[in-house]
**Q** 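My questions will all concern the structure given below.
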There are 2 protein chains.
Amino acid sequence: MTLTYPPLDRDGAEPLWMQLMRALRAEIESGERGPDRPLPSEAELSDLFGVSRTVVREALRELVQQRLIYKVKGKGAFVAPRKTELRFVGSTSGSADDLRESGRRVTTQTIRQTLGEADEREAALLRIPQGEQVVRLRRLRRVDGQPWLLVETALPARLVPGLERVVLENQSLYDTLRRRYGIEPAAADRWIEAVFPSREDAALLEVSTSTPLLGIESVAWLEDNTRFEAYHALHRSDQTRFYVGIR
Amino acid sequence: MTLTYPPLDRDGAEPLWMQLMRALRAEIESGERGPDRPLPSEAELSDLFGVSRTVVREALRELVQQRLIYKVKGKGAFVAPRKTELRFVGSTSGSADDLRESGRRVTTQTIRQTLGEADEREAALLRIPQGEQVVRLRRLRRVDGQPWLLVETALPARLVPGLERVVLENQSLYDTLRRRYGIEPAAADRWIEAVFPSREDAALLEVSTSTPLLGIESVAWLEDNTRFEAYHALHRSDQTRFYVGIR
DNA sequence: GGTGCCGACTTGTCATTACAGGCCTGTAGT
DNA sequence: ACTACAGGCCTGTAATGACAAGTCGGCACC
């Protein structure tokens, strides 16, 4: 038994593959198909929706990229089990709360908070035109008095008007984003590398310039794919380790 | 003036789009095309290499996904002004498959493979008594010939009898665990820090002892919470970055 | 009862064709 | 000098057809 699908809109407002992708995604996320259950074959989907296999494959490709399904040659396409998802504990979002819970004293000091124009890197990460207004935050987070994390954040000013004047001292940025601007982070990409700090960053973190640190670059977005935050952070990992849980 | 390209191999050993992708990537990474310089148009590439536009688009799609190029509708495809990055997907499965998928040549060399007694650290991570038999693997993974990852794995011998005699050369460890022992990873904890390598490890990874590396410690377990694997790994992140997707 | 092989079904790869729609430039008209 | 627009680029979308290659069940054979 399969569902009846609403017909796809052929007015060209949106590509057929995108509409099909959304229809399949809705079905998967609603839980109607359990993990590792097969999707209809490409030929079947092609018939069901009245589109070519090209469109079906384009839609499935997108779902594979989003890790909602996986494909096995010769067998079919299957719903990806949610357990392969990954959660970052110990990121800027929520890390303060986690640490506080474990009885540590977390303080966050705002070093700089300005309005400016997006440079090339920021524009690319946030997917906005170079020169568009962004709010920049430079903050130092301490755990039990020890410098732990130095983070520079850029947010499109359009999404967070007036943020450059909000007093964040010891407040969670994500709390502010949520309460003041209704921003709900949906997902993020992060890149991690081991780096040496600049002289200035080393001083703030109270380490020497030859101490290896974790450098983290990140871009986060909303449900509708709008990029709302780009940051790069330096992490002292000599006393506190960076934890990743995979479930 | 364009280069002359070696003809693509049509023996079906490798898909045409992958060969083309590699050829273009080599050109980009060698720096012959500067950032934001255009690639030949799809039609031109199609002629140059004697393949259909389908193949060209497949190759370009992969390069876009690897963030080596970006495309602008109506204009063309351009070299992305970024450093190369390797995708590490934070799933319980190994990274080798993901890398292979993106057309990198992944080779894994087993340096040591022995049966021994669990030391204190291993016993704690695996939750077994100290002194219980464990199989230890020390492996060096290369990506496109470059040393990339040095990993030391310990598994309780009870769960993987005879593993110390299985030839793993270029085989995925997780594949072997699955097929030979029916081991299905359910979840894992990982800790990441920035560290310097020992003299021996530095030599294997072909870096100096003052190169900061990513150190990763991990323990993985089955659905029933049995710990089956503990490892610690050293990652070169100077040329390639460590990627984590959060969904 | 086991084994091997065939055929049906699946996804992967590739070619070809067509048109829509964005980008840019040259040119004709003002 | 300026504008409007046509036409030639480009990528995006879509249909269709073909074959390769992996999976799996069933059937015939031993």
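Just so it is clear: chains get the letters A, B, ... in the order the sequence lines come, proteins before strands, and each one is counted from 1. The model shown is predicted, which means the values in this text are computed figures rather than measured ones.
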**Q** Any cation-pi pair here, R227(B) with W221(B), using under 6.0 Å and within 45°?
**A** yes

**Q** Rounded to the nearest angstrom, tell me the gap between atom CD in E42(B) and atom C1' in dA20(C).
**A** 15 Å

**Q** Using only modelled atom types and a 3.5 angstrom limit, is any donor from either the side chain of R53(B) or the base of dG12(D) paired with an acceptor on the other?
**A** yes

**Q** W17(B) has a side chain; which of dT13(C), dT11(D), dA15(D) sits nearest to it?
**A** dT13(C)

**Q** What is the distance, rounded to the nearest whole Å, between atom NZ of K73(A) and atom P of dT11(C)?
**A** 12 Å

**Q** From CZ of F78(B) over to C1' of dC23(C), roughly how many Å is that when rounded to an integer?
**A** 10 Å

**Q** Just the rounded figure in Å: distance from C1' of dT11(D) to CG of L63(B).
**A** 16 Å

**Q** Respond yes when some side-chain nitrogen or oxygen of S41(A) is under 4.0 Å from OP1 or OP2 of dC9(C), and no when none is.
**A** no

**Q** Please figure out whether T54(A) or K71(A) has its closest DNA chain C nucleotide nearer the 5' end.
**A** K71(A)

**Q** Do R139(B) and T110(B) pass the side-chain hydrogen bond (donor to acceptor under 3.5 Å, both in side chains) test, and can you show the C-alpha distance, the side-chain angles, and the key distance before you say yes or no?
**A** CA-CA 4 Å; R139(B) 292 180 303 158; T110(B) 302; 5.4 Å; no

**Q** Rounding to an integer number of Å, can you tell me how far E14(B) CD sits from dC14(C) P?
**A** 10 Å

**Q** Starting at the 5' end of DNA chain D and moving along, which residue's nearest nucleotide shows up first, V55(A) or K75(B)?
**A** K75(B)

**Q** Nearest to the side chain of S52(B), heavy atoms from C-beta on, is which of dT16(D), dG22(D), dA15(C)?
**A** dA15(C)

**Q** Evaluate whether atom CZ of R127(B) has more than 12 neighbouring non-hydrogen atoms of other residues, nucleotides or ligands under 6.0 angstrom away.
**A** no

**Q** How many Å lie between CG on L20(B) and C1' on dA15(C), as a whole number?
**A** 15 Å

**Q** Let's see if you can work this out: which of dA15(C), dT13(C), dA14(D) has an atom nearest to the side-chain heavy atoms of P15(B)?
**A** dT13(C)

**Q** State whether R61(B) and E58(A) are salt-bridged, where the test is any N-O pair (Lys NZ or Arg NE/NH1/NH2 against Asp/Glu carboxylate O) under 4.0 Å.
**A** yes

**Q** Nearest whole Å is fine: how far is dT13(C) P from E62(B) CD?
**A** 10 Å

**Q** Any Lys/Arg nitrogen of R136(A) or E122(A) sitting under 4.0 Å from an Asp/Glu carboxylate oxygen of the other?
**A** yes

**Q** Rounded to the nearest Å, what distance is computed from the CG atom of residue L16(B) to the P atom of nucleotide dA18(D)?
**A** 20 Å

